[in-house]
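Convention: sequence-line order gives letters A, B, ...; per-chain numbering from 1.
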Protein chains: 2
Amino acid sequence: MGAHTDTRNRIQEVAIRLFTEQGYEATSLREIAEALGVTKAALYYHFRTKEDIVASLIEDRVKALDELIAWAGGHPHTPEIRGELIRRYSAQMTRGRHHEVMQFMDRNKTALQGHAKVDLMRERMGELMQALCEPDDPLPVRLRRSMALFAMHAAWFLIRDESTTEEERTAAGLQVALELAEGSGG
Amino acid sequence: MGAHTDTRNRIQEVAIRLFTEQGYEATSLREIAEALGVTKAALYYHFRTKEDIVASLIEDRVKALDELIAWAGGHPHTPEIRGELIRRYSAQMTRGRHHEVMQFMDRNKTALQGHAKVDLMRERMGELMQALCEPDDPLPVRLRRSMALFAMHAAWFLIRDESTTEEERTAAGLQVALELAEGSGG
DNA sequence: GTCTATACATGGATAGAC
DNA sequence: GTCTATCCATGTATAGAC
């Protein structure tokens, strides 16, 4: 954990904040550099490209998704397993930068298209969805299950209320997600 | 409805498609022009700026939201009124370019930040939300009601299945939205 | 590790001819 | 209404000094 790792971390911190607030394309490397009190060229010592900064930001999230998919692969598609999968997903959102990463991606959907790591992560989300529902489930069920995952993101960034605690967000997201997954019609 | 109106319409059609597929910033005016077989300069005859194209795309949606908000303003906040509000919202999605506009905006959140008409529309969505829930409603209720609106968008673009008909999408979105608005916890 | 300087591409937008 | 030509700002990325 020398000065190298530290600067690298500070770059990531500022980058994800600005990418989320102002947008990925609207945020120049010059702007990130200035916020850190260094120059553009300094960033290029730590990251080969702008895309590499993004890749570094989401790699923990991809790993976490891989674990979830692997776990789901060893279990049958039952309501109980779906519930547990959702609980585990919810728990991930409380750790590290995971919910920040999801918000960053949600707000920059098109801008991140074509980034290798981002496309990989979209694939993983698709695989996770397949663990939550069969292709021949009725449309309302598929819609509800897709939205179950979204509920756990939305709890963090759809509700903008500053006074809401992290525990309340997590609980609300989890509750709505579980209802959506096993609601009256599915 | 002369050649003027026609070309203008064709520009809008190509623009919203490319903005949604590839992204707003990733789509240059040159690219739109080439897809139409004209030059960049020709576009500038019909629209003063790139931002003006966006404004023209969403203005019908803003008008539709205004109508909805006005209607809600004349009624109390009851489950029945909320249900009717959601039904009317759902009906709007089946007309004109409304669901395409919502998808375009969903996929380009940050890129459209600061566009006057887009910011206006975000305000309107906020007002509509206020018609659906009180500030002191419990968090899961607020989350569910926010997601009710999202469900009606998601029915159109979260489910990518080509064989799904427009009627099925509309019905599924409406059903899930109504469940979310008046679910077990809200 | 960070700097200055700069190459190089691309995009939005305008001027003025036809 | 559409064209050619061009301006100008900005962005990513690199070379090379310190």
Hey, does the side chain of A:Asp119 reach the backbone of A:Ala116 with a donor-acceptor pair shorter than 3.5 angstrom?
no
Counterpart residues, side chain to side chain contact (heavy atoms under 4.5 Å, CB included), relative to A:Phe47 (two or more places apart):
A:Arg8, A:Ile11, A:Gln12, A:Asp52, A:Ile53, A:Ser56
Report the C-alpha separation of A:Glu127 and A:Arg124 in whole Å, then their side-chain angles, then the decisive distance to 0.1 Å, and conclude whether the salt bridge (Lys or Arg N to Asp or Glu O under 4.0 Å) test is met.
CA-CA 5 Å; A:Glu127 289 173 39; A:Arg124 294 290 187 270; 3.4 Å; yes
What is the per-nucleotide protein-contact pattern of nucleotides 2-18 of chain D, from the 5' end, where B denotes a base atom under 4.0 Å from a protein heavy atom, S denotes such proximity for sugar-phosphate atoms only, and - denotes neither?
BBB------SBBB----
Could you state the CG-P distance from B:Leu43 to C:dG11, rounded to the nearest angstrom?
14 Å
B:Glu31 side, atom CD; B:Leu29 side, atom CG - distance, nearest 0.5 Å
10.0 Å
Taking A:Glu21's backbone N and O only, do any of them form a donor-acceptor pair with B:Gln113's side chain (distance below 3.5 Å, no angle check)?
yes
